[in-house]
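Letters A, B, ... are given to chains in the order of the sequence lines, protein chains preceding strands, and every chain is numbered from 1. Keep in mind the model is a prediction, meaning the values are calculated, not measured.
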2 protein chains.
Amino acid sequence: MVTARQIAQLCGVSVATVSRVFNRPATVSAATREHVERVARDLDFSPNEAARALSRQRSTMVGLVWDTDHRRHSWRHPFLQDLLLGLKSALSSRGYHLLMLATSDDSGSRNPGASLADPVAYVSMTRRHHLAGLVLIDSGTDAEAFSAFAHSGLPCVALDVALSGPRATYVTSDNASGAADAVRHLAALGHRRIATITGPHGNVPAAARTDGYLRGLAEAELPFREDLVVTGDFYRESGFAEMRRLLARADPPTAVFAASDEMAVGALLAARAAGCRVPDDVAVVGFDDIEVASLVDPALTTVAQDKRGFGTAAAGALLSMLDSDEVPEPVRLPTKLVVRDSCGSQR
Amino acid sequence: MVTARQIAQLCGVSVATVSRVFNRPATVSAATREHVERVARDLDFSPNEAARALSRQRSTMVGLVWDTDHRRHSWRHPFLQDLLLGLKSALSSRGYHLLMLATSDDSGSRNPGASLADPVAYVSMTRRHHLAGLVLIDSGTDAEAFSAFAHSGLPCVALDVALSGPRATYVTSDNASGAADAVRHLAALGHRRIATITGPHGNVPAAARTDGYLRGLAEAELPFREDLVVTGDFYRESGFAEMRRLLARADPPTAVFAASDEMAVGALLAARAAGCRVPDDVAVVGFDDIEVASLVDPALTTVAQDKRGFGTAAAGALLSMLDSDEVPEPVRLPTKLVVRDSCGSQR
DNA sequence: CTGAAAGCGCTTACAG
DNA sequence: CTGAAAGCGCTTACAG
């Protein structure tokens, strides 16, 4: 590998000058700068990252904290691929790379009480690698553990969980508006008994979607009925179970807003199992717009999140913290109601 | 951050000894080893990775080459999340981390002729970070570009593409057997005119699945008919288009083996659009067992790949190359036929 | 605008 | 078994 020293010798300058050409080009005379740049390009030189990180005490890597060994064994992010895509392309435009952090705990056994694989190990990992910043993906119950990161002073941006700290912010969808849109849409179709299957307690997006449900109801001038709010956990099985219970009631709802597509799919299956037609007997609307939404039968009407935008926004917030000391405001991504067949408005 | 020097001073030994305790514990006397270990643990010391990488000329990171800015804008891996999960947990058990490589090209514009974002840039990235090895995810057309990596001498393991080089190997599913299983299953159900919608030309798994189709036919003593083999590209649209054409024929097939679930879903939609009932009028079997397979209507019979096993096997192959000079044989993961409704055997 | 020098925190022959 | 020393390849005050 060609080193700065070699470039320096070839150009008849010191390594310090070569370094300056790459780090503070303005402080180098145009002539020598161009000379160094040309030679460096010809020899395909680029500074060794390990050496650079060592001397600057900061690498060009951003850590990704993604807890994969969660108690909920089947935990899956609804749109990890898009997220990574967005993160990667936004980060790479500024020369940063994503390091998927893993602790030895990830490999297997763990004491089942812990919510995130040893946050201390992650924080130490972070220092060892001189990471420039951290992106935190919430798996639903890591919120508390995340504060260890937020308080480490490192630039942090969390996804879908409110994070605060000296250099921490977060990005989330405008969950309340999205949910309100869904409910208003159902109300406009004539539904008066609109139930909701919420996400788990303590989850930020879940709470916001429930708020949005209430707001949508109020905006449509529909009364709030406590018994129409049932609690799920974002996963399909809970959607199935809660829907079954709702349909077994004496006065079942005529429409259901599920706070995730997974639950909405579960609800669809429960309706089918109960011999209940969707949307004729009961309308269903979901949230997320994951791939299956358009494939289930009937195709699911849902509130789409800007999946790739999540990654882009997270990267943007992180990058801005890397250049300045200002902490960006939390980002709230707009959502979009995607009308398909399960709500009945297409008939 | 606590450094080896501090530990050394506290223990009254040299930094060299501290280093040895962590790297060649056998060369240190039991007494001093234990002393150093205890102090290090108490102070939560762990060696700085940048310094270590610099002096050893090798980091504890494994690069992930995942081309996200492909010409095929909508390129998606069918099970990236499971793959990453498997990779991460297997790698972390040995202290390695995954670095998602990105070149500046990833951010946007690229000359449309290139099949992988500047492989040269990736290779240089690899050296700059002193990566220990590389995992290559094929997006279907990167095979050629991958050889640049394979010949760099760095330990490489590719997924779903045959890679050879001084220290390169690959992992793939046993695509031929899986396809043969699917075809034999259809034949056992009485089908005699079994068509296949293949993957794209030049793609390794696609070719193997076509081979398996032929083998299955032969094993069921069914004649091969060239006109029953049509070419898709693994994506839904091609499945839709090819299925439509197949069904429009004078003597349409009674069963179709699609070389991917995405295409099988497309085929299902085409059948529905053509007023053709599945499985009554035509049976469909897919390949992959992605999440939607169980959700489409009718639920898709398919050949399941060991998604997480891909990651685990890739990590295993890489790790073994990291400790020894032997190059592991290519890994061929077993597949499993998952019988649901679209093949008609459940009736 | 540029160079010499110190320093980032490890690892590893080389002596002893 | 252990230490002193050189070296990994950069960056950055400090002089000039």
Have A:H129 and B:N48 got a donor and an acceptor in their side chains that come within less than 3.5 Å?
-> no
Within this structure, what is the CZ-to-P distance between B:R58 and C:dT12, rounded to whole angstrom?
-> 11 Å
Does the ring center of A:F149 lie less than 6.0 Å from the ring center of A:H151?
-> no
Ignoring hydrogens and angles, state whether a donor on the side chain of A:T32 or A:S29 is under 3.5 Å from an acceptor on the partner side chain.
-> yes
With A:R332, which residues qualify under salt bridge (charged side-chain N to carboxylate O under 4.0 Å, His left out), at least two apart?
-> none
Contact list for residues 153-166 of chain B, test side-chain hydrogen bond (donor to acceptor under 3.5 Å, both in side chains), sequence neighbours left out = B:D160-B:T172
Distances for protein N or O near nucleotides 5-9 of chain C N or O, under 3.5 Å:
residue : atom : partner : partner atom : Å
C:dC8   : O2   : A:S55   : N            : 3.4
C:dG9   : N2   : B:A51   : O            : 3.3

Please check if the distance between the ring centroids of A:Y122 and A:F146 is under 6.0 Å.
-> no
Which pair of heavy atoms, one from B:A51 and one from A:L54, lies closest together, and at what distance?
-> CB-CD1, 3.7 Å
Does the B:R167 side chain pair with the main chain of B:M321, one donor and one acceptor, at a distance under 3.5 Å?
-> yes
Residue set satisfying salt bridge (charged side-chain N to carboxylate O under 4.0 Å, His left out) with A:R128, at least two apart, ordered chain then number -> B:E49
Minimum heavy-atom separation for B:L87 to B:A314, with atom names?
-> CD2-CB, 4.0 Å
Which residue, A:T60, A:L101, A:V62, forms the side-chain contact (heavy atoms from CB on, under 4.5 Å) with A:L131?
-> A:L101
Give each protein N/O atom lying under 3.5 Å from an N/O atom of nucleotides 14-16 of chain D, with the pair distance.
none

How does DNA chain D look in dot-bracket notation if pairs are Watson-Crick or G-U with both distances under 3.5 Å, crossing ones as [ ], other-strand ones as |?
-> |||.||||||||.|||
Separation of atom NE2 in B:H35 from atom C1' in D:dC1, rounded to whole Å | 17 Å
Touch class at under 4.0 angstrom, heavy-atom based, for B:T27 against every strand present | base
Candidate nucleotides C:dT12, D:dT11, C:dT2, ranked by approach to the side chain of A:S19 - the nearest | D:dT11
Kindly say if A:T32 contacts the phosphate of C:dC1, meaning a side-chain N or O under 4.0 Å from OP1 or OP2.
-> no
Check every strand shown and say whether B:V18 touches a base, only sugar-phosphate, or nothing at a heavy-atom separation below 4.0 Å.
-> nothing
d(CZ, B:R24; C1', C:dT12) in whole Å = 7 Å
For DNA chain C, whose closest nucleotide is more 5', that of A:S14 or that of B:V2?
-> A:S14
